Amino acid sequence: MRRTRDAPPRRGRPPGLPACVCHARQKADLFQANGFNALLSDSIALDRSIPDLRYPECRSQLHYRRLPTAALVIPFHEEHLSTLLRTAVSCRARAPPQLLTEIILVDDASQKPALGGPLEAALAKHFPQSGFARVLRAPKREGLIRARMRGIAAVTADVVIVMDSHCECGVNWLPPLLHPIAEDYRTVVCPFIDVIDQETFEIRSQDTGARGSWSWNSFHYKRLPLLSESLRHRAEPFASPVMAGGLFAMTRRWFNELGGYDSGLDIWGGEQYELSFKIWQCGGRMLDAPCSRVAHIYRNFMPYKNPSNLGDFITRNFKRVAEVWMDEYKEQLYSTNNEEQYRLVDAGDLTKQRAIRERLKCHNFEWYMKNVAFDQPKFYPYRKPAKSLTGFLKAESANR
Ligand code: UDP
Ligand code: MN
């Protein structure tokens, strides 16, 4: 099918196409394999026109003439080819060319044939400029945390923009992310995340934004309401305690000073807390920029398989984060969730992570709760933990 920019769904609206019986089976199979309507994705132009969901005042927002350069890092595991390509093509199309200088895709050991030769061919076609878009291939499955680190290590631009592999960038999405970073290299900025409907591919906003947070009983990502200041100046960036995870802009320098992610985190989960806590506790800050909009396909199930030899990696990831950054508050997490499982899981070696906290003289978690996530207890209550000393007990040998 010929795909024009105005092919359905026009301007990101639902297509309203009659159900195609002939494709029903193919559609169902592709939905199962991807967690979204991948068949429909194939009939939508990679550079389709989309609605401008920004607040009107964003159109007159001014940015510095000189901004740092940025690289897009997109890890993927068994992503559908057209959604992956649309991520790269739309982000490039709506960014000032002098600012977005490279796109690095990291293949986390995908098996789909389309992600081999056909992906390389499509990239060569859409990004003919030599070296602009590259694919790095992980020899074995690493998980999204180490896949991102692999991509970030290859970046040459000043700023790294991490992105999921099924996104679409909105109008002028890049400068609002770079502007606060130009003022301070330890500021990390997240875009507003809009929704690409998993069935119709319609693009719509979630709401008017929120600050990131978590629940104590499941450690799931949750949201805190905006503060009155942001309600008055809704286009202005505002501080957020926790990032959603998949989308953020950060200088390479600050990422590296923080030691990157904890490379002991496997596959998926917990990394947004790890990075958020250490950004704040170690002297940086994190903002959400309402004028930068990136749409993401949220799905109802994880379509890919995870390695069976890793055990309960999500609880292990959570425990690693809690043990290093959350001090006595970790007990809050352990005692309200699946306590037995938390006690059972071995978090592994945390020496390197603790050394980073020590070296950078990072604030403790109490400071973070008081200064950054100050209204968290109002929305996600907990019992104030008893102060405790942390350290190691070592048995002395008797005949020394
Ligand atoms: N991903 C990866 N390796 C994995 C799992 C996920 O590279 O083992 C990629 C995935 O393709 C996507 C990103 O990491 O680009 C986030 O994963 P996903 O979209 O499944 O997470 P969600 O958005 O549901 O949190
Ligand atoms: Mn995703």
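We count ligands from 1, going down the list as the structure has it; atoms in each ligand are counted the same way. None of the values given here were measured: they were computed from a predicted structure.
Which parts of ligand 1 touch Pro75 is read off a 4.0 Å heavy-atom cut-off, strictly below it: atoms 7 (O), 9 (C), 11 (O), 12 (C), 15 (O). Applying the 4.0 Å criterion to heavy atoms of Trp268 picks out, from ligand 1, the atoms 21 (O), 22 (P), 25 (O). Listed by atom number, the atoms of ligand 1 under 4.0 Å from Ser165 heavy atoms are 10 (C), 11 (O), 12 (C), 15 (O). Which parts of ligand 1 touch His296 is read off a 4.0 Å heavy-atom cut-off, strictly below it: atoms 23 (O). Interface atoms of ligand 1 facing Asp108, defined by a heavy-atom separation under 4.0 Å, are 2 (C), 3 (N), 4 (C), 7 (O), 8 (O). Ligand-side atoms of ligand 1 in range of Tyr304: 5 (C), 6 (C), 17 (O), 18 (P), 20 (O), range being under 4.0 angstrom from any heavy atom. Atoms of ligand 1 lying under 4.0 Å from at least one heavy atom of His166, given by number and element, are 19 (O).
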Report task. Begin with the C-alpha distance, continue with both residues' side-chain angles, and end with the deciding distance and a verdict on salt bridge (charged side-chain N to carboxylate O under 4.0 Å, His left out) for Arg316 and Asp346. Result -> CA-CA 7 Å; Arg316 188 170 57 244; Asp346 176 8; over 6 Å; no
Query - Worked verdict on Glu183 versus Thr187 for side-chain hydrogen bond (donor to acceptor under 3.5 Å, both in side chains) - result: CA-CA 8 Å; Glu183 292 177 339; Thr187 295; over 6 Å; no
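The atom of Asp164 nearest to the Mn ion (ligand 2) is OD2, with the search restricted to N, O or S atoms.
Contact annotation: His296 places an N, O or S atom under 2.8 Å from the Mn ion (ligand 2).
In this structure, Arg141 is part of the shell of residues with a heavy atom less than 4.0 angstrom from ligand 1. The closest approach between Gly143 and ligand 1 falls below 4.0 Å for a heavy atom of the residue.
A salt bridge links Asp207 to Arg223: one of the charged nitrogens lies within less than 4.0 Å of a carboxylate oxygen. Under the 4.0 Å criterion applied to side-chain N and carboxylate O atoms, Asp327 and Arg357 are assigned as salt-bridge partners. Using a 4.0 Å cut-off between charged nitrogen and carboxylate oxygen, Glu339 and Lys330 do not count as a salt-bridge pair.
For the salt bridge (charged side-chain N to carboxylate O under 4.0 Å, His left out) test with Glu142, the passing option among Arg150, Arg137, Arg148 is Arg150; the others fail.
Relative orientation of the Trp216 and Trp214 rings is perpendicular, given thresholds of 30° and 60° on the angle between their planes. Between Tyr261 and Phe255, the angle of the ring planes goes over 60°, which puts this pair in the perpendicular group of the 30/60° scheme.
In this structure, the protein non-hydrogen atom closest to atom 13 (C) of ligand 1 is Asp164 OD1, 3.4 Å.
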